[in-house]
Amino acid sequence: MNRVVITGRGAVSPFGVGVGRLAENVWQGKSGIRFMADWQKVGGMLSYLAAPVPEIDAREYLSRNLRRTMGSMAIHAAIASREAADDAGLDDKILASGRVGTVIGSTTGSPEAYEKFYRTYLREESVAEIKSGFFFKVMSHSCAANVCLALGITGEQWAPSSACTSSAQALGLGYLLIKSGRQDAVLCGGADEVHHTVTMVFDVLKAASRKNDAPRITPAPFDAERDGVVCGGGSGILVLESLHSARARGARIYAELLGFGHVNDSAHIANPQEEAMSASMKAALADGGVEAGEIDYVNAHATGTLQGDVTEAKAIGRVVGPHVPVSSCKGHIGHTLGAAGSLESILALEMMERQELIPTLNLTVPDPECSCVDLLMKKRSQPVNTILKNNFALGGVNTALIFRRWQE
């Protein structure tokens, strides 16, 4: 079985284009959340908060011919993928070799494109005005397909679609493809875009934050005053590669992906279950041959919901004990859904690189029910060699990944 390492990173986030911009804003304690004034026109909707990607001139990155089949999320995925490929040193010849694949997920196709289609179609029940590129923006594998086209990738193409765990599943699947020898390298991650119809889902479930007058203090994972999710947009892409391939190319190695835990919970389609969360973490540890006592930090899924944060805190405490530091990235960038696992993994790797842990933004008074773990409330410099990364999704999907700092 091949060892799997990380050789490239790329990001489009609520702070703009690039891993550097994402990391620096997070390290400065900034929030990408803002009030979405236009959403007030939607009847019955009570949450007007999001962390959208700032306006990007896609012409700087992609040709017109490529853009015509891309919604915003596919554009973000393509930009992040190019950054990741360049960071890893994967030139066009390698990308077209057939030994490099993609696993890029999202919740759905572009919701903005869906809205435009139905507004046009339902007006007169006619498709006369529908452009031919529409379908390629809304198909569930739009991001993966468009990235392959933009970068000339001819290896395997996969596209997990499991909402909040789409990119975590992508990382896990890429890990398995390389471990088994099917591919030498895989561009893995996910993308999603901010749209009122996405936030509406959480609002209907009464799981969206409604602190509309205070966008800079929400979401607040693990906090006693948290009141729900704030959705974000963007894309995170990681290049996973076999150790043999990376060494042969002389590539820089950020970390090793040691283990992947993936557990289904069939108890309830929406309510999180401590047992399933714990099982996914234990499975990742077992897969990587890692003891719980070796974990230096847990990057939590923690979205700011009342039930989810408590359940995850208890599950983490059950698996790694009460003294391992824990934080969530959602306060900085919101819940980027299909991009959450990969964007947050990039930040976790940056913590490993800097040997400094970032706290949960907006966590001021911890919920006593979440205090069964060491909740980070300020930056902490300490050895960070092994990280446990959690992501969970509606529908019973529970994932966990184990990253270890690379040292020759």
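Here the structure is a predicted model, which is why all the values come from computation and not from measurement.
- By the neighbour-count criterion of 12 heavy atoms within 6.0 Å, atom NZ of Lys379 is densely surrounded, having more than that number from other residues, nucleotides or ligands.
- Ser142 and Asn146 share a side-chain donor-acceptor pair at under 3.5 Å.
- You'll find the side chain of Glu312 reaches within 4.5 Å of the side chain of Asn390, heavy atoms only.
- Ionic pairing of Arg252 and Glu353 is present here: one or more N-O contacts between side-chain nitrogen and carboxylate oxygen are shorter than 4.0 angstrom.
- Here the closest heavy-atom approach between residue Val138 and residue Ala113 is recorded as CG1-CB, 3.7 Å.
- Of all heavy-atom pairs spanning Ser81 and Leu151, the tightest one is O-CD2, 3.9 Å.
- Counting heavy atoms of neighbouring residues, nucleotides and ligands inside a 6.0 Å radius, atom CZ of Arg182 does not exceed 12 of them.
- Minimum interatomic distance between Ser47 and Ser209 (heavy atoms only, all atoms of both residues): OG-O, 2.6 Å.
- When each of Pro366, Pro221, Pro272 is paired with Asp309, the side-chain contact (heavy atoms from CB on, under 4.5 Å) condition holds for Pro221 and for no other.
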Where do Arg249 and Glu241 land on the salt bridge (charged side-chain N to carboxylate O under 4.0 Å, His left out) test, with the steps shown first? CA-CA 11 Å; Arg249 297 193 306 109; Glu241 188 168 358; 2.8 Å; yes
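- Defined by atom type and a distance below 3.5 Å, a donor-acceptor pair is missing between the side-chain atoms of Ser342 and Ser345.
- Around the CD atom of Glu55, the shell of radius 6.0 Å holds no more than 12 heavy atoms that belong to other residues, nucleotides or ligands.
- Distance alone, capped at 3.5 Å, is enough to place a donor-acceptor pair between the Thr360 side chain and the Ser328 backbone.
- Under the 3.5 Å distance criterion, the side-chain polar atoms of Thr154 are matched with a main-chain donor or acceptor of Gly98.
- Ring-plane geometry between His262 and Phe260 is classed as parallel, the angle between the planes falling under 30 degrees on a 0 to 90 degree scale with a further cut at 60.
- Taken to the nearest 0.5 Å, the CD1 atom of Ile104 stands 6.5 Å off from the OG atom of Ser235.
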Would Leu388 and Tyr297 count as a side-chain contact (heavy atoms from CB on, under 4.5 Å) if you check the C-alpha gap in whole Å, the side-chain angles of each, and the deciding distance to 0.1 Å? CA-CA 6 Å; Leu388 171 61; Tyr297 165 68; over 6 Å; no
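- The environment of Phe136 atom CZ is sparse: at most 12 non-hydrogen atoms of other residues, nucleotides or ligands sit within 6.0 angstrom.
- A side chain to side chain donor-acceptor pair (under 3.5 Å) with Thr386 holds for exactly one of Arg404, Glu256, Arg405; it is Arg404.
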Evaluate side-chain contact (heavy atoms from CB on, under 4.5 Å) for Gln169 paired with Val103, printing each intermediate quantity in order. CA-CA 9 Å; Gln169 283 187 328; Val103 187; over 6 Å; no
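- Proximity of Thr218 to Leu49: side-chain heavy atoms (C-beta onward) are separated by under 4.5 Å at one or more points.
- Dense packing is recorded around CG of Leu122, with more than 12 heavy atoms of other residues, nucleotides or ligands lying under 6.0 Å away.
- Rounded to the nearest 0.5 angstrom, Met36 CE and Thr199 OG1 are separated by 8.0 Å.
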Between Arg210 and Asp227, does the salt bridge (charged side-chain N to carboxylate O under 4.0 Å, His left out) criterion hold? Intermediate values first, please. CA-CA 7 Å; Arg210 296 174 178 176; Asp227 76 329; over 6 Å; no
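- Atom OG of Ser31 and atom CD1 of Ile217 lie 10.5 Å apart (nearest 0.5 Å).
- Interatomic distance, CG of Leu240 versus OH of Tyr254, reported as 13.0 Å (0.5 Å rounding).
- Side-chain N/O atoms of Asn299 and Ser327 include no donor and acceptor closer than 3.5 Å.
- Here the shortest heavy-atom pairing between Leu66 and Leu62 reads CD1-CD2, 4.2 Å.
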side-chain contact (heavy atoms from CB on, under 4.5 Å), that's the test. Do Ile387 and Ile402 meet it? Break it down for me. CA-CA 6 Å; Ile387 290 175; Ile402 305 289; over 6 Å; no
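- With contacts defined as side-chain heavy-atom distances shorter than 4.5 Å, the pair Val5/Thr7 qualifies.
- Between the side chains of Ser106 and Asp192, no donor N or O sits under 3.5 Å from an acceptor N or O.
- Inter-residue side-chain proximity for Ile56 and Tyr61 is flagged as met; some heavy-atom pair is nearer than 4.5 Å.
- Listed by chain and residue number, Phe15, Asn25, Gln28 satisfy the side chain to side chain contact (heavy atoms under 4.5 Å, CB included) test with Lys30 (two or more places apart in sequence, or in another chain).
- Looking at Lys330 and Glu344, a side-chain N of the basic residue comes within less than 4.0 Å of a carboxylate O on the acidic one, giving a salt bridge.
- For Asp374 and His323, the side-chain atoms include no donor-acceptor pair closer than 3.5 Å.
- The backbone N or O of Gly228 lies less than 3.5 Å from no partner atom in the side chain of Thr305, so there is not a single donor-acceptor pair.
- With salt bridges taken as basic N to acidic carboxylate O contacts below 4.0 Å, one links Asp287 and Lys179.
- The two residues Gly89 and Ile94 come nearest to each other via the heavy atoms O-CD1, 4.1 Å.
- Considering every non-hydrogen atom in both Tyr175 and Leu257, the closest pair reads CE1-O, 3.4 Å.
- Interatomic distance, CD of Gln183 versus OG of Ser245, reported as 11.0 Å (0.5 Å rounding).
- With contacts defined as side-chain heavy-atom distances shorter than 4.5 Å, the pair Met70/Lys137 does not qualify.
- Using the six-membered ring where Trp is involved, His335 and His301 have ring planes that are perpendicular, over 60° apart on the 30 and 60° scheme.
- Side chains of Ser132 and Arg68: a donor-acceptor N/O pair is present below 3.5 angstrom, by distance only.
- Side-chain N or O atoms of Asn391 include none that pairs as donor or acceptor with a backbone N or O of Lys389 at under 3.5 Å.
- Atom CD of Glu156 sits about 8.5 Å away from atom CG of Leu173, to the nearest 0.5 Å.
- For the residue pair Thr197 / His195, a side-chain donor-acceptor distance below 3.5 Å is found, with atom types taken as modelled.
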Give the intermediate values and the outcome of side-chain contact (heavy atoms from CB on, under 4.5 Å) for residues Met277 and Arg318. CA-CA 10 Å; Met277 289 179 172; Arg318 175 191 287 192; over 6 Å; no
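- For Glu356 and Arg380, the salt-bridge test fails: no basic side-chain N is under 4.0 Å from an acidic carboxylate O.
- Taking 4.5 Å as the limit, every side-chain heavy atom of Ile237 sits out of range of all side-chain heavy atoms of Cys188.
- Checking side-chain atoms of Asp203 against main-chain N and O of Ala208 turns up no donor-acceptor pair under 3.5 Å.
- Enclosure of atom CZ in Arg119 is not indicated, since only 12 or fewer non-hydrogen atoms of other residues, nucleotides or ligands lie within 6.0 angstrom.
- Not one N or O on the side chain of Asp265 forms a donor-acceptor pair closer than 3.5 Å with the backbone of Asn398.
- Val397 has its side chain out of reach of Val263: every pair of non-hydrogen atoms, C-beta onward, lies at least 4.5 Å apart.
- Proximity of Leu177 to Trp158: side-chain heavy atoms (C-beta onward) are separated by under 4.5 Å at one or more points.
- The existence of a salt bridge linking Glu24 and Arg354 is confirmed by a sub-4.0 Å separation between a basic side-chain nitrogen and an acidic carboxylate oxygen.
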